[in-house]
Colleague: 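Below is the structure I would like to discuss, written out as structure tokens.
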Amino acid sequence: MPRTPSRRTALQGLAAAGAAVVGFDPFTRSWAAEATSADGRALAGLPRLDGSVHTDDASLTADSDDFGHIVHRRPAAVLRPGSVGDVVAMIRFCNKHGVPVAPRGQGHATQGQAQVDGGLIIETTPLASIGPVRPGATTVTVGAGARWSQVARAALAHGLTPPTFTDYLELSVGGTLSVGGLGGQTHRQGAQVDNVTELQVVTGAGDLVRCSPARHADLFHAVLAGLGQCAVIVGATLRLVPAPETVRHYLLPYTDLRTFLDDQRRLVQEGRFGYVEGQVNADADGAFRGYVIEAVAYGPPVGPAPDDTALLRGLRHDPAGVQTSDLGYFDFLDRLAASVAALKEAGLWAFAHPWLNLLLPGRSAAALTESLLADLTPADLGPGVVLLYPVLREKLHAPLLRTPDDPVAYLLAVLRTTPPGDTATVDRLLAANRAAYDTVRAAGGTHYPVGSVPFDAADWREHFGPVYRRLATARHTYDPRGILVPGQGVF
Ligand SMILES: Cc1cc2nc3c(=O)[nH]c(=O)nc-3n(C[C@H](O)[C@H](O)[C@H](O)COP(=O)(O)OP(=O)(O)OC[C@H]3O[C@@H](n4cnc5c(N)ncnc54)[C@H](O)[C@@H]3O)c2cc1C
């Protein structure tokens, strides 16, 4: 639905009022600061909140940025909810006034997906409850703002774990469930969205709804990997499985792309390891033709003590370059923490991240990788990495997580890092991302929507293909005024 400026005056009014904090004062039972609309009228009907709404410059500036550091859209106000009821109240308020809204987890999207020009940001960080986790539990219910590191720690205290993690743990549960949540465990356990039994959401109309495969299934399936288009996730019930105490971690080097891909395919189809990923590194000539399989075997109590001979049998890596290490399970999950700290220390975390994330059909993964990486230079990757690993389609069940029509798909992630001030380079890399996407799409591949590929509504319609109509119907039903998450550009 098109939005006219008059529909936005409610929150623009908050910004125009210049109130540092617009919050509910429990003693006077009134708003701590008076807000007026942009045309000077007093703004009536603001809901009472347990938390607060902020319009100060620091809050608005912080939420006008993300991990990409490429797109900047300034909201009119930021909600720090004190309760789920606050999310309901403010979405109802915004729905009534036609104000756009975007939930923001950890802000690790790379292209403004969690930003909203002149609207309301709902920071989900305060909604971070976890549990209780009971010994032997098969699920845990968490707030959408909980980070996966927090969920992992709470579950591991009882010898349990969610089955699938992203590589980086400091992402919010709501943020990854809105995109899919892929990692090295996905080939056995599915994506994070495949391991949710129930969601608690607030629709764009402001209704608090519990949904699951058995209850409001249309909403459940429209929210998982649904890019926030129908509802804000406020809570999720996640599957838990027994956790290994320790794991054995292998790095297996390859010099030939096809051998590397074939061995990866063999490993995921046989399910020999609990986790399989891979990286492509540049050689001394700057060509991306050094390949490494990263594989992890779970130890007791989940699996037997890892047996190197059995686990590596028949693989065609260079045996001289194998690296093996034994790690605690959480240390393995949290393996990026040290490098992230180093990147932050070096100022590189604040660089622009025009990331490219594509799912390649297995049948053409080698040819596509060759052609895409032939155009990549170490300078254009910067201090980033190239990931390449397979997922099995039979394990992926969320309709909105679009994957190639092939039993095996390979995630190719070119995680570029480049100085943010050099906008000409950023623009060139974004154009390169788009060209790469067009090449992959023509071969039946898909976009994994966490990166920075310029996309318009027509691209999204094509991306969702046979499920687009279902998503559009759910959007119409649950967010009839179309206020949610404009930064994705889907509608
Ligand atoms: C260092 C790093 C490593 C990563 N590794 C992986 C990986 O291994 N595997 C993988 O799959 N992805 C990975 N990602 C991508 C990541 O999963 C997504 O970008 C994810 O959306 C980020 O979570 P967030 O909490 O920062 O979400 P945000 O950036 O805050 O939000 C992302 C989108 O989700 C929406 N959203 C956020 N919270 C909610 C909610 N509660 N309800 C509805 N919509 C919501 C936002 O409006 C926005 O559109 C990585 C990203 C980074 C920066």
Side-chain angles (χ1 to χ4, degrees), residues 62-63 65-69 71 73 75 81 84 87 91 100-116 119-128 142-149 164-186 190-193 199-204 222-236 275 277 333 335-337 339-340 343-344 348-349 351 353 355 357 359 384-385 387 389 391 396 401 411 413 415 417 448-452 478-479 483-490:
D63 287 355
D65 195 12
D66 56 31
F67 183 74
H69 307 299
V71 172
R73 300 190 189 101
V84 165
V87 179
I91 291 188
V101 175
R104 176 184 175 97
Q106 288 297 309
H108 280 70
T110 60
Q111 208 183 13
Q113 291 94 330
Q115 296 178 32
V116 56
L120 178 74
I121 294 289
I122 299 177
E123 292 183 352
T124 62
T125 309
L127 304 176
V142 306
R147 284 175 282 122
W148 285 98
S149 59
T164 305
F165 287 89
T166 49
D167 296 343
Y168 182 51
L169 298 186
E170 307 309 329
L171 307 167
S172 75
V173 168
T176 70
L177 295 186
S178 300
V179 292
L182 301 176
Q185 295 146 318
T186 295
Q192 289 178 324
V193 285
L199 291 172
Q200 192 181 17
V201 304
V202 180
T203 67
V223 171
L224 292 174
L227 309 176
Q229 299 301 298
C230 297
V232 174
I233 302 168
V234 288
Y275 164 106
E277 288 200 6
L333 294 178
R335 63 200 173 279
L336 292 193
S339 18
V340 169
L343 289 169
K344 286 184 177 169
L348 297 170
W349 202 248
F351 270 34
H353 297 103
W355 282 9
N357 299 71
L359 285 160
V385 292
L387 302 179
Y389 63 87
V391 293
L396 301 171
L401 177 57
L411 178 71
L415 306 181
T417 303
Y448 179 49
V450 300
S452 309
Y478 294 106
D479 182 18
I483 61 168
L484 291 179
V485 190
Q488 294 281 4
V490 177

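Ligands are counted one by one from 1 in listed order, and the atoms in each one are counted from 1 as well. By convention here, the first residue in the shown sequence is residue 1.
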Colleague: If you count only heavy atoms, which residues are under 4.0 Å from ligand 1?
Modeller: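 Answer by chain and number: Phe67, Pro103, Arg104, Gly105, Gln106, Gly107, His108, Ala109, Gln113, Ala114, Thr124, Ala144, Thr166, Asp167, Tyr168, Leu171, Ser172, Gly174, Gly175, Thr176, Ser178, Val179, Gly181, Leu182, Gly228, Ala231, Val232, Ile233, Trp349, Trp355, Tyr448, Val450, Val485, Gln488.
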
Colleague: Going by the rule salt bridge (charged side-chain N to carboxylate O under 4.0 Å, His left out), which residues pair with Asp66 if we only count those two or more places apart in sequence or in a different chain?
Modeller: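 Not a single residue meets the salt bridge (charged side-chain N to carboxylate O under 4.0 Å, His left out) criterion with Asp66.
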
Colleague: Is there a side-chain contact between Val179 and Leu227 (heavy atoms, below 4.5 Å)?
Modeller: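 SC-SC contact between Val179 and Leu227 confirmed.
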
Colleague: Taking only residues two or more places apart in sequence or in another chain, which ones pass side chain to side chain contact (heavy atoms under 4.5 Å, CB included) with Leu415?
Modeller: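 Once residues adjacent in sequence are excluded, the partners of Leu415 under the side chain to side chain contact (heavy atoms under 4.5 Å, CB included) criterion are Trp355, Asn357, Val385, Leu387, Ala413.
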
Colleague: With sequence neighbours excluded, what pairs up with Glu277 under the salt bridge (charged side-chain N to carboxylate O under 4.0 Å, His left out) test?
Modeller: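 Result, salt bridge (charged side-chain N to carboxylate O under 4.0 Å, His left out) vs Glu277: none returned.
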
Colleague: Is it the case that the side chains of Gln185 and Thr164 hold a donor-acceptor pair, with the cut-off being a distance below 3.5 Å and no angle test?
Modeller: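 The criterion, which ignores hydrogens and geometry beyond distance, is not satisfied for Gln185 and Thr164.
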
Colleague: In Å and rounded to the nearest 0.5 Å, what is the NE2 to OG1 distance from His108 to Thr176?
Modeller: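 If I round to the nearest 0.5 Å, the distance is 12.5 Å.
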
